[in-house]
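For reference, the structure is listed below as structure tokens.
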Amino acid sequence: MKRTLTLILILALLPLCSCGQTEEHGATVFAMDTVMELTAYGEKGEAALEAAKAETYRLDGLFDRRNGDGEIFALNQNGGGEVSDDTAGLLRKGAEICALTGGAFDMTVAPVMDLWGFYGQDYRVPDESELAAAMEKVGGKVTVEGNAVTLGEGTQLDPGGIAKGWASAKIIDIFRENGVTSGLVSLGGNVQALGSRPDGTPWRVAIQDPDGEGYAAVLSLTDAAAVTSGDYQRYFERDGKIYHHIIDPSTGRPADSGLRSVTVVCRDGALADGLSTALFVMGRDRALELWRESGNFEAVFIETDGKITATSGLRSLIYSDKEIEFFE
Ligand code: ADP
Ligand code: MG
């Protein structure tokens, strides 16, 4: 009898446990050259995920510069043209971050990315003259007026440093529009959180240890994005030297600024993505100058000697087994 009662009790409770605000819905999407994990809680979660998946594929189609039907492809092919709101918005955001970072973020690095073979993974180390020729095309004009884009002579766009951040921000918007209040998107090194976990505690997001499988630190995140750029994410080796995929637009070479990775935390996913790439190029000290001036982001730096440093706004939001030095 007791058993039957227990069973009835369990059965009666089951629907309560498996629906409502704690019901977890997940989807895995392969787009933008990465595996994306989308999680949305609550009864609206499934519909929100379907809409978010469709939007992710749509954005990937627009921004992939190898896609002959895409808008970035068309701009590169034709030197300009009319684009959708998303592409225009992405380019405006890119220009904003370029200005903010003194050109450390610059989507016109495309010809140099291609020369190093990062486009198509046909890796090689270019010689000086090739590099000089490709550098002629870097830093060209990108004009966006409404939805009309004009590129300078020879200018080619590579949205790879910001596209995932733009997508994660859009996914979070879609979650919200669909009535979801708790969710997480993880697109490679890009994470963006909607609200907190269903139990009200912050999301916990790990920062990868550049040297190993484990984690260097863990961030507590509520309604924010955390985006990491690192030299270990995409690289090749030649003659014992590592060449990674974050290019210093002032030299045309992989940035060499004393960092293994930078994680940027802020509300705007696209800004976090563009900034993580830019701060990696700028190095810790220039990054800190920008942080003190702008005050709309926080950052964690893993330096080449393994030291972890961070901006003071993260003091109560970061945990690590290692010591972390904070900057004011
Ligand atoms: P990931 O794409 O691995 O998450 P990032 O966000 O740092 O890493 O973006 C690196 C990508 O950004 C490169 O693969 C390239 O497409 C592009 N890129 C490289 N250097 C720059 C730069 N200085 N400014 C803007 N985009 C860049
Ligand atoms: Mg980036």
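In each ligand, atom 1 is the first atom listed, and ligand 1 is the first ligand listed. All values below were derived from every heavy atom in this structure, side-chain atoms included, with hydrogens, water molecules and symmetry-related copies excluded.
Using a 4.0 Å cutoff on heavy atoms, Gly189 does not count as a contact of ligand 1. Judged by the shortest distance from any of its heavy atoms, Pro159 lies outside the 4.0 Å radius around the atoms of ligand 1. Within the structure, the closest approach of Arg234 to ligand 1 does not fall below 4.0 Å when heavy atoms are considered. Judged by the shortest distance from any of its heavy atoms, Phe118 lies outside the 4.0 Å radius around the atoms of ligand 1.
Checking Ala278 against the Mg ion (ligand 2), every N/O/S atom stays at or beyond the 2.8 Å cut-off. Among the backbone and side-chain atoms of Thr277, an N/O/S atom is found under 2.8 Å from the Mg ion (ligand 2).
For the pair Asp248 and ligand 1, the shortest N or O to N or O distance does not fall below 3.5 Å. On a distance-only criterion, Thr228 and ligand 1 share no N/O pair closer than 3.5 Å.
Applying side chain to side chain contact (heavy atoms under 4.5 Å, CB included) to Thr101 and the options Met282, Glu96, Arg286 leaves one that passes, Met282.
Each ring-ring contact (aromatic ring centres under 6.0 Å, His included) pair with one or both residues in residues 259-282, not counting sequence neighbours, appears once here: His244-Phe280.
Listed by number with element, the atoms of ligand 1 under 4.0 Å from a non-hydrogen atom of Val109 are 21 (C), 27 (C). Below 4.0 Å from some heavy atom of Pro249 lie the following atoms of ligand 1, by number and element: 23 (N). Atoms of ligand 1 lying under 4.0 Å from at least one heavy atom of Met113, given by number and element, are 13 (C), 14 (O), 15 (C), 19 (C). Each of the following atoms of ligand 1 lies closer than 4.0 Å to a heavy atom of Ser229: 5 (P), 6 (O), 7 (O).
Lys141 NZ to Thr108 OG1: the interatomic distance, rounded to the nearest 0.5 Å, is 12.0 Å.
Within the 4.5 Å cutoff, side-chain heavy atoms of Leu194 are placed close to those of Arg176. With contacts defined as side-chain heavy-atom distances shorter than 4.5 Å, the pair Val138/Thr155 does not qualify.
The nearest pair of heavy atoms linking Tyr41 to Thr22 is CD2-O, 3.5 Å. Of all heavy-atom pairs spanning Glu82 and Ala148, the tightest one is OE2-CB, 3.4 Å.
Within 6.0 Å of CZ in Arg204 there are 12 or fewer heavy atoms belonging to other residues, nucleotides or ligands.
Taking the six-membered ring for Trp and the full ring otherwise, Tyr243 and Tyr235 have centroids separated by 6.0 Å or more.
Closest to atom 23 (N) of ligand 1, if we only count protein heavy atoms, is Ile247 O, 2.7 Å. Among all non-hydrogen protein atoms, the one lying nearest atom 5 (P) of ligand 1 is Thr277 OG1, 3.3 Å. Ranking protein heavy atoms by distance to atom 17 (C) of ligand 1, first place goes to Gly161 N, 3.7 Å.
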* Go through the steps to decide whether Asp273 and Trp166 satisfy the test side-chain contact (heavy atoms from CB on, under 4.5 Å), and finish with yes or no. => CA-CA 8 Å; Asp273 194 3; Trp166 185 272; over 6 Å; no
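Using a 4.0 Å cut-off between heavy atoms, Ala104 contacts ligand 1 through its backbone alone, with no side-chain atom that close. The parts of His245 lying near ligand 1 are both backbone and side chain, judged by heavy-atom distances below 4.0 Å.
The Mg ion (ligand 2) forms the vertex of an angle spanning O of Gly161 and O of Asp273; to the nearest 10 degrees it equals 90°.
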